[in-house]
Number of protein chains: 2
Amino acid sequence: MSATIKSVAQYAGVSIKTVSRVINNEGTVKPDTLAKVQQAIDALDYRPNKAARDLAGRDNYVLGYVYDNPNAYYILAMQNGILKECRSNGYELLIHPCDATNPDIIDELVNMVNSARLAGLILSPPLSEMPDVLHAMDEKGIQYVRVLSGDKAPDDKPCVLVDDYQAARQITGHLLDQGHRRIAFIAGEKQHHSTTERQRGFYQALADHGIKADPELVIDGTYSFGTGVQSIQQLLALPEPPTALFACNDEIAAGALFGARMQGVDVPEALAIAGFENSPFSTQTFPPLTTASQPTAQIAQRATSSLIRSLQARKRKAENHTIPADIFVPELIVRESTSR
Amino acid sequence: MSATIKSVAQYAGVSIKTVSRVINNEGTVKPDTLAKVQQAIDALDYRPNKAARDLAGRDNYVLGYVYDNPNAYYILAMQNGILKECRSNGYELLIHPCDATNPDIIDELVNMVNSARLAGLILSPPLSEMPDVLHAMDEKGIQYVRVLSGDKAPDDKPCVLVDDYQAARQITGHLLDQGHRRIAFIAGEKQHHSTTERQRGFYQALADHGIKADPELVIDGTYSFGTGVQSIQQLLALPEPPTALFACNDEIAAGALFGARMQGVDVPEALAIAGFENSPFSTQTFPPLTTASQPTAQIAQRATSSLIRSLQARKRKAENHTIPADIFVPELIVRESTSR
DNA sequence: TTGGCTAATGACAGCGCTGTCATTGAGTGT
DNA sequence: ACACTCAATGACAGCGCTGTCATTAGCCAA
């Protein structure tokens with residue numbers, strides 16, 4: 001049988017109420033008492049019983065993860081990170097796939113939150129970037145945390161930032177360091193902020209090296225293999241084709257790699273290719289792709305943690321309890337697709 | 001506030017325990033008492049409080065989905081199907097990724113079931129095919145449903161079957177119908193029954209046409225892009241290379257397609273390629289892959305439904321309540337990669 | 001020192017239900 | 001008519017936690 005609040009209290013030599021205060025972060029516990037309790041919790045591997053909390057308290061300890069994203073790897077990684085944090089805080093997760101282009105999406109979300117009595121929502125792109133959705137949530141008093149592309153929080157509501165701009169700058173910088181001067185860029189859907197941020201980083205890196213981007217080398221597409229194949233054909237047909245390519249994600253990069261090979265262009269010898277995301281795709285190509293890795297699960301975990309802290313803060317009516325936004329910069333991973 | 005068991009009892013003029021008996025279908029209530037209670041429930045629109053039931057009872061109304069499978073698309077589809085069925089039955093889902101090769105996997109699962117007081121488990125391959133795991137669950141009295149590759153239930157415990165054998169036979173048959181006689185096969189991990197079943201179907205289809213399989217054309221590998229690339233190189237180097245390939249899944253097929261193209265071999269003109277699974281991979285290649293589609297979400301839903309029915313049956317001690325196994329046969333999807 | 005205050009902690013009831021066991025009452029055989 | 005079943009129902013404790021309120025300890029000013 002697993003540990004209960006009672007056994008933790010006994011172990012730590014305090015009352016169950018004090019343990020309750022610790023697990024709810026009520027903040028009115030002396031540091032050394034807190035340490036004792038924390039230690040007891042760890043020692044006994046205690047996890048609050050959700051049913052009991054739900055029954056005794058007035059809120060439900062359930063969070064919702066709403067997503068609309070075709071990238072299964074991303075979703076799963078997010079989910080794992082969220083789950084991990086939920087578990088260690090005695091929350092449960094309700095998973096809700098949805099269609100962001102559905103005009104009734106807002107009603108759908110509000111209904112879901114109400115009928116399942118969710119404590120809060122975790123939003124990832126593109127939902128986290130839809131002003132209408134966010135506005136509706138604010139209006140209904142629904143708490144949420146967003147995972148966002150950017151380097152600065154747009155407001156003081158909880159969010160976790162992924163600095164695509166900086167990472168894209170690094171990738172482009174890497175290509176420039178290899179001596180490339182004609183570097184192409186293939187963009188994904190422009191609705192995703194990640195796309196525009198990555199593009200911004202691309203331009204900035206060029207500018208850093210005093211290079212003017214050639215508009216011919218920048219192509220708009222979608223986050224798909226097909227975009228990569230088509231775009232690279234177009235690029236290679238240019239009178240002066242690029243010597244390097246930065247694709248907005250690995251899937252596009254894989255498509256471009258495929259397309260280049262089909263045309264007899266060697267990678268990386270004649271064309272260096274870099275992707276973004278470090279998806280399983282990126283190691284399954286020949287040669288493997290240089291890319292940028294976002295620690296998605298960790299991002300999700302941090303986001304969930306912010307949400308929970310914000311929920312707890314609101315519960316005890318702490319004022320202005322703003323949680324500083326975390327920033328993650330995806331890390332450059334150099335593989336053979338860009339080796340000299 | 002919604003009605004509680006107490007208010008229903010008062011309204012019906014019985015004790016709360018009798019109401020409890022009614023809502024749990026315990027069957028020891030006199031018909032007219034039952035009618036009275038039922039009427040009270042309807043009148044007050046009473047819905048049992050899940051948290052209270054969980055806390056008081058011995059099981060939670062929570063199911064667990066345990067998986068170890070690198071295929072994110074598969075997991076997500078399973079998850080969605082399970083979720084759908086859970087919701088319509090008032091159950092909740094706990095998701096637990098794990099590592100099937102971990103020697104402590106059994107302890108891990110037993111611990112999880114106990115500490116979360118799960119009502120039952122949904123097991124997909126490879127976990128559903130590990131005798132040790134199943135045996136341990138039986139021993140501990142943990143209920144489960146398996147998703148299995150096969151066409152016959154191995155025992156009378158709940159399971160849902162996916163007939164890979166039949167589907168593989170159909171795919172190979174399709175290749176044969178196109179006139180191919182030298183057909184290669186690339187296998188995935190042999191621990192997965194799906195691999196051996198697909199291979200069995202491959203051999204059977206050849207036998208149906210009086211063709212003896214050439215051992216040179218059958219290659220063992222893993223369910224990966226890399227396996228496809230390497231294997232096709234090996235196959236094309238043969239003095240008498242195959243004219244068609246059946247790869248154990250789409251990822252291998254995509255790798256093989258990539259590898260063939262790199263060697264200047266046209267698909268489907270010089271080499272027909274078929275995959276399996278109908279994963280998003282299969283439409284993102286050029287040309288798109290012929291494959292077999294399994295309705296994973298539906299399979300998951302059916303599995304969950306079996307589990308729930310079996311749980312309820314056991315609760316009211318119904319004997320011999322065997323639920324017949326469902327069988328799904330993945331459906332052949334013909335695309336350009338095998339067109340004549 | 002004394003009273004008055006606040007921060008830290010504890011005692012205890014009760015959330016809505018189920019499990020266990022006790023009680024009732026109708027039916028049975030002699 | 002008698003004890004004897006057994007089906008039907010009820011009384012009651014308690015699941016593990018939180019909310020409320022009481023208590024204690026620690027501190028300061030007078």
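Residue numbering restarts at 1 for every chain, and letters A, B, ... go by the order of the sequence lines.
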Look at the side-chain N and O atoms of [X] and state whether any lies under 4.0 Å from the OP1 or OP2 oxygen of [N].
X       : N      : result
B:Tyr46 : C:dC17 : yes
B:Thr18 : D:dG10 : yes
B:Ser15 : D:dT9  : no

Axis-to-axis angle between the two ends of the helix from C:dT1-D:dA30 to C:dT30-D:dA1 (five base pairs per end, rounded to 10 degrees):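 Axis-to-axis angle, ends of the helix: 40°.
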Please check if the side chain of [X] supplies one atom and the backbone of [Y] the other of a donor-acceptor pair under 3.5 Å.
X        : Y        : answer
A:Glu129 : A:His193 : yes
B:Asn49  : B:Ala52  : yes
B:Asp54  : B:Tyr61  : yes
B:Asp104 : B:Asp107 : no

Under 4.0 Å protein heavy-atom contact, by nucleotide of nucleotides 23-28 of chain D - B base, S sugar-phosphate only: ------
Non-hydrogen side-chain atoms of B:Ile23 and B:Val37 separated by less than 4.5 Å: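 B:Ile23 vs B:Val37: side chains apart.
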Flag side-chain contact, heavy atom, 4.5 Å: B:Glu92 against B:Lys50: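 Of all side-chain heavy-atom pairs linking B:Lys50 with B:Glu92, at least one is under 4.5 Å.
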More than 12 heavy atoms of other groups within 6.0 Å of A:Lys36 NZ: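 More than 12 within 6.0 Å, yes.
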B:Glu108, CD atom: more than 12 neighbouring heavy atoms under 6.0 Å: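 Atom CD in B:Glu108 is crowded, with more than 12 foreign heavy atoms closer than 6.0 Å.
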Between CZ on residue A:Arg146 and CG on residue A:Leu123, distance to nearest 0.5 Å: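 It comes to 8.5 Å.
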With A:Tyr11 via ring pair (Phe, Tyr, Trp, His ring centres under 6.0 Å) - residues at least two apart: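 Partners of A:Tyr11 by the ring pair (Phe, Tyr, Trp, His ring centres under 6.0 Å) criterion come out as none, since no residue qualifies.
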Near-strand residues of residues 31-43 of chain B, defined as heavy-atom separation under 4.0 angstrom from DNA chain D: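 Those residues are B:Thr33.
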Quick one: which protein N/O atoms are closer than 3.5 Å to N/O atoms of nucleotides 21-26 of chain C? Pair and distance per line, please.
none

Check: A:Ser124/A:Tyr65 side-chain N/O donor and acceptor closer than 3.5 Å: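 Yes, a side-chain donor-acceptor pair sits under 3.5 Å.
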Partner set under salt bridge (charged side-chain N to carboxylate O under 4.0 Å, His left out) for A:Arg53, not counting sequence neighbours: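 Counting only residues at least two positions away or on another chain, A:Arg53 forms no salt bridge (charged side-chain N to carboxylate O under 4.0 Å, His left out).
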Verdict with reasoning, B:Gln79 to A:Gln79, per side chain to side chain donor-acceptor pair (under 3.5 Å): CA-CA 11 Å; B:Gln79 190 175 295; A:Gln79 190 175 294; 2.7 Å; yes
